[in-house]
Number of protein chains: 2
Amino acid sequence: MASVNRLLAEKGFEAMTVDEVAADVGIAKASLYKHFPSKEELAAAAMVRVLDRALAFLDQEAAREASPIDHLKAVARWTMQVQLAGEMPSLPSQNSTLRAALLKHRGYLDRVMTVSDRLGAWITGAQAAGQIDARLPPEAVLYTLYARACDPVLAFLRAGGNLTDEQVIDVQLSTCFDGLAARRVT
Amino acid sequence: MASVNRLLAEKGFEAMTVDEVAADVGIAKASLYKHFPSKEELAAAAMVRVLDRALAFLDQEAAREASPIDHLKAVARWTMQVQLAGEMPSLPSQNSTLRAALLKHRGYLDRVMTVSDRLGAWITGAQAAGQIDARLPPEAVLYTLYARACDPVLAFLRAGGNLTDEQVIDVQLSTCFDGLAARRVT
DNA sequence: GTCTATATAGCGATAGAC
DNA sequence: GTCTATCGCTATATAGAC
């Protein structure tokens, strides 16, 4: 599962081959197919796994005393940390066989819905409290947070070599919540 | 070339097949291979084409009387318009054979460098003028603008059905430059 | 330049022995 | 549950005639 996660993050679904996964795990391809009926199901299991990690983080975060926007920032930070650690399988926004398979996958859809509901509560809470721009559609905020999982800027900034991983995340957290434009009042 | 652009935007490099391109154009696959020596070169030509369109837009924009940040906003808007029009071939941030080919492709690299230089001038100009947050590394701003070309939020917001394409772009322009957090002073 | 036909290779998936 | 061996298909790329 960890191998799939890493390869999926590294190369994407189409470029990842089942042979590679099997080789990385150290078993035969046929053995892998005894556990997962298809490449799509294999990838879906990796997606479910990361969503379970996300749900566990949300539980932990909900127990913490903080304002809605601080919870959202913590979520964004966690998401980017997972991506930089190479453990975030990239979501297929493009049309693909994986996308079709995920849209029929109960376990995946249920988890996405649960995560979205819980983030949605923080988003509307933060908007009501004047912490998140109330003019933005809540879905736009939600999608923007999800997009932190596949933000290509993280890898580019890291590749630049001038910033530590934590600095990269701080920059992106600032860009995400405060924008590129200078703020007259901080 | 337009077919490649569209298919590349729709399905990505790995999922796009040369057969599809040939069928879409209405010629035989072998005929296509008389013009382009490989699938990578075919895709690279599409990338070069969109970069030339970008350079033409930068010329036009440079002739307009405006402050650096307004130029940058216009560029971001143009980029998102092209993406929503289905004419933006997605950049391969992941490892792939295309990425390797592009890194050896003079025409592509030259154009990327030229675009980056011209955007870079506006970025540092906007930072000096206090319009862009001066604490952000200029590369972070540059990469963030490039990332508008493959922002998955655009497609998700459009799929939601509640916003017109122009509204989607306005929301994302606001998110990009002003951030998710509410501004105390606008 | 365009076509038909084909070479070549890699991939997802399966058969069947142990 | 794991293996070796292989099927069937599709993809990139090429040969060679017109």
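- Rounded to whole angstrom, the span from the CD atom of B:E41 across to the P atom of D:dT12 amounts to 15 Å.
- Closest contact between the side chain of B:T17 and the listed nucleotides C:dA13, D:dT12, C:dG1 involves D:dT12.
- If you take NZ of A:K29 and P of C:dA13, they are 9 Å apart, rounded to a whole angstrom.
- Side-chain nitrogen and oxygen atoms of B:Y33 include at least one within less than 4.0 Å of the OP1 or OP2 phosphate oxygen of D:dA13.
- Relative to the side chain of B:E40, the nucleotides C:dG1, D:dA13, C:dG12 differ in distance, and D:dA13 lies closest.
- Contacts of B:K34 with the nucleic acid, taken as non-hydrogen atoms under 4.0 Å apart, include base atoms.
- Atom CZ of A:F36 and atom P of C:dT14 are 15 Å apart (whole Å).
- The side-chain heavy atoms of B:C176 and B:T144, taken from C-beta on, include a pair separated by under 4.5 Å.
- We find that CD of B:E14 is positioned 13 Å from P of D:dA11, with the value rounded to whole Å.
- A:R53 places a side-chain heavy atom less than 4.5 Å from the side chain of A:W78.
- Residue B:S31 places no side-chain N or O under 4.0 Å from the OP1 or OP2 atom of C:dG1.
- Taking the nucleotide of DNA chain C with the nearest heavy atom to each of B:G26 and A:A15, the more 5' of the two is matched to B:G26.
- In this structure, A:E40 and A:F13 have side chains that are in contact, with non-hydrogen atoms separated by less than 4.5 Å.
- Between C:dA13, D:dT4, D:dA13, one nucleotide has an atom nearer to the side chain of A:A28 than all others, and that is D:dT4.
- Side-chain proximity of A:A30 to the nucleotides C:dA13, D:dA13, C:dT14 is greatest for C:dT14.
- One can place CD of A:E20 at 12 Å from C1' of C:dG10, the figure rounded to the nearest angstrom.
- One atom, NZ of B:K39, and another, P of C:dT8, lie 22 Å apart when rounded to the nearest Å.
- Regarding A:L32, its CG atom lies at a distance of 10 Å from the P atom of D:dC3, rounded to whole Å.
- For the pair B:D70/B:Q131, no side-chain contact is recorded, criterion being any heavy-atom separation below 4.5 Å from C-beta on.
- Taking the charged nitrogens against the carboxylate oxygens, B:D59 and B:R118 do have a contact shorter than 4.0 Å, which makes a salt bridge.
- Distance, A:D19 CG to D:dT6 P: 16 Å, rounded to whole Å.
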